[in-house]
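Residue numbering restarts at 1 for every chain, and letters A, B, ... go by the order of the sequence lines. None of the values given here were measured: they were computed from a predicted structure.
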2 protein chains.
Amino acid sequence: MKIINKNVDYALRSLIHIAKENGQVVSVSNLAEREKISKAFLRKILQILNKEKIVNSIKGKSGGFVLAKIPNEIFLMDLINIFQGKIKLLDCFVKKNICPQKKECILSKKMEKIEKMLIFEIKNISLASLLNGDGKDKPI
Amino acid sequence: MKIINKNVDYALRSLIHIAKENGQVVSVSNLAEREKISKAFLRKILQILNKEKIVNSIKGKSGGFVLAKIPNEIFLMDLINIFQGKIKLLDCFVKKNICPQKKECILSKKMEKIEKMLIFEIKNISLASLLNGDGKDKPI
DNA sequence: TTAAATGATACTATATTAGTATCATTTTGT
DNA sequence: ACAAAATGATACTAATATAGTATCATTTAA
Ligand code: SF4
Ligand code: SF4
C-alpha cells in the first residue's frame, strides 16, 4: 500500500530539477531523458502543473517550463492535493452520518489526531526544503 | 485519496462488535445486520481474519466468530498489513536502486521520518484502546 | 519554413478496491 | 433423521484509480 503515487513523485522530481536550473527553461524532453521517465507521461504532468500555476510554460521551439513560484512557496501538499486529492486517513462514515457507532467511536477521534499530524508534517515540506544542502541552490 | 480502505474499516468495526459480546459467538448475519454492511462482503472479511488467526470460527448452525486473541493483542496495524499490505508513504526508487537523484535526495529522508512516525502511531492503536471508555468492556 | 516545443484531449492498459454468487461442508435444534 | 443455518473455499463481476500512450493543433525560435 503506497500512499504517494507516481504523478506526485515525478512532479516533485521535475520541480526539483527545474529549480536547480535557476530560471532556465527546461523542456520535457530534457527532463524525461535525465530523469528516465516516459516523455508522454511527464508532459501530461507538466501540463497539469502549468494549469495549477505551479510552473509557467513557454511555447514554441526552445520552449519548456520554469517555476511559477519561488521554491519555498511550493509544497508537497499542493502536489498531493492536485494529483491525489485531499488526504483522508480513514474515510469515516461519521462525516456521511451513517455510522451506527458514531456516538461512542474512539477510532475516528484517534484517526483524526493522526491525520492532523500527518498533514502537518507533509505541509511542512516545501520544494525549498528539498533543495537545501544540495550545494547548487541558494538556501532560503 | 483515502488511506484506509473498507476492508480494514469493516474488519475493525466487526472486531469491536465481537469484542463487546464478551466471548459470545457472533454470526456474520448478525454483524451484517447490525452494522448495515453487505453480508457476502463481510463474510469474506471474516474468513480472512480467521485464516490470519485474529478470530476463530465456529462452524455449523448457531456458529459464527469469536476473538482469537485478547483485544490488546490485536492492532490496527495488523489489519492494514493483512488487507492493504505494508505502509509505504513513498514507494521510493532508492530501494529499487534506479533513482538518478538518490545520493542527494532529501525527500526520501524526510519521507522515511514521517513514515516512521505514522507507523508508530498506528502501531499504538489496539482493539483494546478502541474499546476503553465505552462502558461495556473491561479496560486493560 | 520547418523543427521542436507545448495545449488539449482521447484512448488503452493495469492494478486495486468493492462487491456478488455458488457449491461444499459442518453442526445444531427439532 | 433431517432441515436450517452457519462457515470454507473459490470464482466471478463491477467500479474506480493509477499508469501510460497517442494524436492533432498551435506556437515560436532558429
Ligand atoms: S466506526 Fe468509527 S471510524 Fe468507522 S465509520 Fe463509524 S464513526 Fe467512523
Ligand atoms: S527522487 Fe528521492 S524520493 Fe524520489 S525516487 Fe529518487 S531517491 Fe526516492
Could you pull out the closest heavy-atom pair between A:Ile114 and B:Glu121, with the gap in Å?
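Shortest heavy-atom separation between A:Ile114 and B:Glu121 comes out as CD1-CB, 3.6 Å.
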
Ignoring backbone atoms, test whether B:Ser29 places a side-chain nitrogen or oxygen under 4.0 Å from the OP1 or OP2 oxygen of D:dA5.
no

So, OP1 or OP2 of C:dG7: does either fall under 4.0 Å of a side-chain N or O from A:Asn50?
yes

Hey, what do you get for CG (B:Leu12) to CE (A:Met111), rounding to the nearest 0.5 Å?
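Answer for the CG-CE pair, B:Leu12 versus A:Met111, is 7.0 Å.
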
For the atom pair CG (A:Leu89) and CE (B:Met1), what is the distance rounded to the nearest 0.5 Å?
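A:Leu89 CG to B:Met1 CE: 10.0 Å, rounded to 0.5 Å.
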
Taking atom CD as the centre, does B:Glu33 end up with more than 12 heavy-atom neighbours from other residues, nucleotides or ligands that are less than 6.0 angstrom away?
no

Can you tell me how far [atom2] of [N] sits from [atom1] of [X], to the nearest Å?
{"X": "A:Leu42", "N": "D:dA22", "atom1": "CG", "atom2": "P", "value": "16 Å"}
{"X": "B:Ile3", "N": "D:dA17", "atom1": "CD1", "atom2": "P", "value": "15 Å"}
{"X": "A:Asn56", "N": "C:dA5", "atom1": "CG", "atom2": "P", "value": "19 Å"}
{"X": "A:Ile48", "N": "C:dT6", "atom1": "CD1", "atom2": "P", "value": "15 Å"}
{"X": "A:Phe65", "N": "C:dA5", "atom1": "CZ", "atom2": "C1'", "value": "9 Å"}
{"X": "B:Leu31", "N": "D:dA5", "atom1": "CG", "atom2": "C1'", "value": "15 Å"}
{"X": "A:Ile80", "N": "D:dT18", "atom1": "CD1", "atom2": "C1'", "value": "15 Å"}
{"X": "A:Gln47", "N": "D:dT27", "atom1": "CD", "atom2": "P", "value": "15 Å"}

Look at all strands and tell whether B:Ile58 reaches a base, only sugar-phosphate, or nothing, counting heavy atoms closer than 4.0 Å.
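Answer is sugar-phosphate: B:Ile58 comes under 4.0 Å of backbone atoms only.
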
Determine the contact category for B:Lys51: base if any of its heavy atoms lies under 4.0 Å from a base atom, sugar-phosphate if only primed atoms, P, OP1 or OP2 are that close, otherwise nothing.
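Since only primed, P, OP1 and OP2 atoms lie under 4.0 Å of B:Lys51, the category is sugar-phosphate.
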
Looking at residues at least two apart in the chain, or sitting in another chain, which of them share a side-chain hydrogen bond (donor to acceptor under 3.5 Å, both in side chains) with B:Lys39?
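In terms of side-chain hydrogen bond (donor to acceptor under 3.5 Å, both in side chains), with neighbours along the sequence ignored, B:Lys39 is linked to B:Ser29.
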
Can you list the residues that meet the salt bridge (Lys or Arg N to Asp or Glu O under 4.0 Å) rule with B:Glu21, with sequence neighbours excluded?
B:Arg34

Between the protein and nucleotides 15-19 of chain C, which nitrogen or oxygen pairs come in under 3.5 angstrom?
residue, atom, partner, partner atom, Å
C:dA18, OP2, B:Lys6, N, 3.0
C:dG19, N7, B:Lys44, NZ, 3.1
C:dG19, O6, B:Lys44, NZ, 2.7

Those residues that, when tested against B:Ile119, pass side-chain contact (heavy atoms from CB on, under 4.5 Å) (two or more places apart):
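If we apply the side-chain contact (heavy atoms from CB on, under 4.5 Å) test to B:Ile119, skipping adjacent residues, the hits are B:Met77, B:Ile87, B:Glu115, B:Lys123.
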
Say whether, by atom type as modelled, one donor and one acceptor occur between the side chain of A:Asp78 and the main chain of A:Phe75 under 3.5 angstrom.
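Answer holds: yes.
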
Partners meeting ring-ring contact (aromatic ring centres under 6.0 Å, His included) with A:Phe41 (sequence neighbours left out)
A:Tyr10

In the 5'-to-3' direction, what one-character label does each nucleotide of nucleotides 24-30 of chain C receive under the scheme B = base within less than 4.0 Å of a protein heavy atom, S = sugar-phosphate only, - = no such atom?
--BBB--

